[in-house]
Amino acid sequence: MAQDDLFKKLIAHAKEYGYIFQSSEIYDGLSAVYDYGQYGVELKNNIKKYWWDAMVKMNENIVGIDTAIFMHPEIWNASGHTSAFNDPLIDNKDSKKRYRADDLIEEHIRKYQNKIDKDVAKGHKKFGDSFDEKQFLETNPNVLRNQAKIDEIQGRLVKALEADDLNEIKQIIIDCEIADPVSGSKNWTDVRQFNLMFETQLGSTADGASKIYLRPETAQGIFVNYLNVQKTGRMKLPFGIAQIGKAFRNEIVARQFIFRMREFEQMEMQFFVKPGTEMEWFEYWKEMRIKWHKAMGIPEEKYRFHKHDKLAHYANAAYDIEFEFPFGFKELEGIHSRTDFDLKQHQEFSGKKLQYFDPESGESFVPYVVETSIGLDRTFLSILSACLKEEEVKKENGESDTRVILQIPPALAPIKLAVLPLVKKDGLPEKAREIIDELKFDFICQYDEKDSIGRRYRRQDAIGTPYCITIDHQTLEDNTVTIRNRDTMEQERVQISELAKIVDDKVSMKKLLKKIF
Ligand code: GAP
């Protein structure tokens, strides 16, 4: 499927099959806010469990917490969010469209990179195994010219962002002759900074309401509870605190479905370490996180690391794990070495000591932090986009047909098995219910008796159900059923008593975790 088509189909499929709905749809929707439907919420819960277990269950030295969305406003002064959590925005005067200025420039840089990738692909095609990609990249004049352009623009952008030089950002847009992707116009406003935090009021105006923020990341809830957890859990360095929760950002450009939302969920883990050991742990967590992604069985080439050229105000090293979404490689997760910035800031702003006493050395110090931060909704989108497929299949009468299938990793699939009586009579529905009543304690099951068996299989394929179990007249005689595998469409006759084990072998979360630990 072409990538553009895939994305459109994915959005339509997510709605048609109860995964994702536009928020407030009957009121024409709310931009960049989405609701999860009956299957979406199951997939989301399964992703959360996979992440939570990989952090909290599999590591003795990581514990979880759940902190409030509303926090003391001073926290956001300490963390730097009130002054620095900004995006540079620019408007096109003709189209009236608003963009992130840095995104426009990065998109322009990507065009040069695409040219290089195309030349490399041509070389592979022409020379096959004898093609020396490294030498080609180092010597080909076209590649060198394009690479020099990338380095020049990238260098200017990083410098401008670091210096908060909005005039220079606009100048790069002018010098690169970047046009509005919608209208083609180059009639731009100046670049302005835009703070991404949502504000609200705590208390009524009569009481003297105070301004507070909806948290833009869950991490600060962890930092301000660092000492509570360390003391009450008697935690020794190195140790981690994990949290899953909502975050809110008033994104300037909120397109691309659930990739960039104004209300979303993060799964973050702050790992507190001895100063001086942070780079070791940074490498460790890079490795562990990419393993977590790859264990799902999604093709490995869809993931890659991207090193940050411009570091956030709190970091001394940062990598993204990028995923190849239908609209290209984009950030899925961030792994940041945050130094002691946050704890020191909270120490200063709150006036409370946030130190660790090391019983071995007898010293007290502020720990360093390595953070892993992943968007739950983006993970959801990455799974859907890698798993939605169309396959040519042969019907029983020999005609060809297409089946739409969501090949979600079985451990994460919303419905684990569907139980389908072949006909709606002769005691088959009752037998099907009996089987569900036995299996429902372990798996989310679905009963379906409507339409032909073929159509019911197709419906379950589209939802992503790993197994369909069909009850027929033979079942009443010998307690056997057919079990159909979603991916291979193979059917096997098995004893009802074997079902729990067969399904569990395929769908257990343990299988995924065992690939990592
Ligand atoms: N505590 C660090 C932090 O928040 P971030 O890179 O701003 O770092 C972490 O965000 C992750 O949260 C991203 O990698 C992305 O997956 C997710 N995320 C960020 N903004 C988002 C948005 N507007 N919509 C959906 N997910 C988002």
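Just follow the structure's listing: the first ligand is 1, and inside any ligand the first atom is 1.
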Checklist outcome for this item: Within 4.0 Å of some non-hydrogen atom of R338, the atoms of ligand 1 are 1 (N), 2 (C)
Item to check | Contact atoms of ligand 1, heavy-atom distance to E371 under 4.0 Å | outcome: 1 (N), 2 (C)
Checklist entry - What residue and heavy atom of the protein are closest to atom 9 (C) of ligand 1, and at what distance? => result S373 OG, 3.0 Å
Item to check | Distance filter under 4.0 Å to F259 heavy atoms, resulting ligand 1 atoms | outcome: 24 (N), 25 (C), 26 (N)
Checklist outcome for this item: Taken in chain and number order and not counting sequence neighbours, the residues that satisfy ring pair (Phe, Tyr, Trp, His ring centres under 6.0 Å) with Y99 are W188
Checklist entry - To the nearest 0.1 Å, how far is atom 15 (C) of ligand 1 from its closest protein heavy atom, and which atom is that? => result R378 NH1, 3.4 Å
Next on the checklist: For atom 18 (N) of ligand 1, what's the nearest protein heavy-atom neighbour? Residue, atom name and distance, please.
Outcome noted: F264 CE1, 3.5 Å
Next on the checklist: Side chain or backbone, does G375 bring an N or O within less than 3.5 Å of an N or O on ligand 1?
Outcome noted: yes
Checklist entry - Hey, does R249 come in under 3.5 Å of ligand 1, counting only N/O atoms on both sides? => result yes
Checklist entry - Are side-chain heavy atoms of F272 and I222 found at a separation under 4.5 Å? => result yes
Item to check | Heavy-atom check, side chain of M279 versus side chain of S337, under 4.5 Å | outcome: yes
Checklist entry - Should L332 be counted as touching ligand 1, given the test is an N or O pair under 3.5 Å? => result yes
Item to check | Partner set under ring pair (Phe, Tyr, Trp, His ring centres under 6.0 Å) for F365, not counting sequence neighbours | outcome: Y356
Checklist entry - Is the number of heavy atoms from other residues, nucleotides or ligands within 6.0 Å of NZ (K515) greater than 12? => result yes
Checklist entry - Is the distance between the ring centroids of F257 and F259 less than 6.0 Å? => result no
Checklist outcome for this item: Closest to atom 14 (O) of ligand 1 among protein heavy atoms sits E331 OE2, 2.6 Å
Checklist entry - Quick one: which ligand 1 atoms are inside 4.0 Å of a heavy atom on E251? => result 20 (N), 22 (C), 23 (N)
Checklist entry - Of all the atoms in ligand 1, which lie at a distance below 4.0 Å from a heavy atom belonging to E268? => result 1 (N), 2 (C), 3 (C), 4 (O)
Next on the checklist: Checking the N or O distance criterion of under 3.5 Å, is ligand 1 in contact with D377?
Outcome noted: no
Checklist entry - Looking at side-chain heavy atoms only, is the closest gap between M197 and T82 below 4.5 Å? => result yes
Next on the checklist: Distance under 4.0 Å to a non-hydrogen atom of E333: what atoms of ligand 1 satisfy this?
Outcome noted: 14 (O)
Item to check | D91/R98 salt bridge by N-O under 4.0 Å criterion | outcome: yes
Next on the checklist: Are Y17 and Y39, when compared by the centres of their aromatic rings, separated by less than 6.0 Å?
Outcome noted: no
Checklist outcome for this item: among protein heavy atoms, the one nearest atom 12 (O) of ligand 1 is Q266 NE2, 3.4 Å
Checklist entry - Is the shortest N/O to N/O distance between I258 and ligand 1 below 3.5 Å? => result no
Next on the checklist: Heavy atoms only, cut-off 4.0 Å: how does R260 contact ligand 1, side chain, backbone, both, or neither?
Outcome noted: both
Checklist entry - Taking atom NZ of K246 as the centre, does the number of heavy atoms from other residues, nucleotides or ligands within less than 6.0 Å exceed 12? => result yes
